[in-house]
Structures are given as C-alpha cells and as structure tokens.
Amino acid sequence: MADNDDYKHGEMDIREQEKTFDGFMKWSTNVAIISILIVIGLAIFAT
C-alpha cells in the first residue's frame, strides 16, 4: 500500500456510514422479529 502522509487516523467523516449501518441493523432486527413471529405462528396454528 502506498504511503499517504495526508491521512490522519480518526479525521474521516463517517456519519453516512453510521446512518447506513443503523438502517441495516434496524432492517435486520425487524426481519428477524417477523421471522420468529411467523415460526411461532406456524407452531401454534399448524395441525
């Protein structure tokens, strides 16, 4: 990797990456909850 003297650790703006990650985590959590509810529903109502 080339040396880059302009880079300083901790100075990059990561707000967009944090918003993207937060959205991904919310979506993933919602999908997991819905999936669990579907499995519970199938276990209760399937005969």
Side-chain angles (χ1 to χ4, degrees):
M1 192 152 116
D3 290 333
N4 188 353
D5 294 329
D6 296 335
Y7 176 76
K8 293 191 175 118
H9 184 72
E11 288 188 352
M12 187 172 144
D13 183 17
I14 59 169
R15 285 179 283 190
E16 285 297 318
Q17 291 151 330
E18 288 174 339
K19 286 194 308 190
T20 301
F21 181 74
D22 289 340
F24 172 76
M25 289 305 295
K26 286 179 187 176
W27 184 83
S28 298
T29 302
N30 289 338
V31 168
I33 290 170
I34 291 168
S35 299
I36 291 168
L37 291 175
I38 289 171
V39 169
I40 290 171
L42 287 171
I44 291 172
F45 296 111
T47 55

TODO: Hey, could you give me the CE/CG distance between Met25 and Asn30, rounded to the nearest 0.5 Å?
DONE: 11.0 Å
TODO: Would you kindly confirm whether Ile34 and Leu42 end up in one hydrophobic cluster when ILVMFWY residues are joined by side chain heavy atoms under 4.5 Å apart?
DONE: yes
Open item on the list: To the nearest 0.5 Å, what is the distance between CD1 on Ile38 and CD1 on Ile33?
Closed with: 12.0 Å
Task: Thr20 side, atom OG1; Ile14 side, atom CD1 - distance, nearest 0.5 Å - done: 11.5 Å
Open item on the list: Less than 4.0 angstrom from a charged side-chain N to a carboxylate O is my criterion; do Lys19 and Glu16 meet it?
Closed with: yes
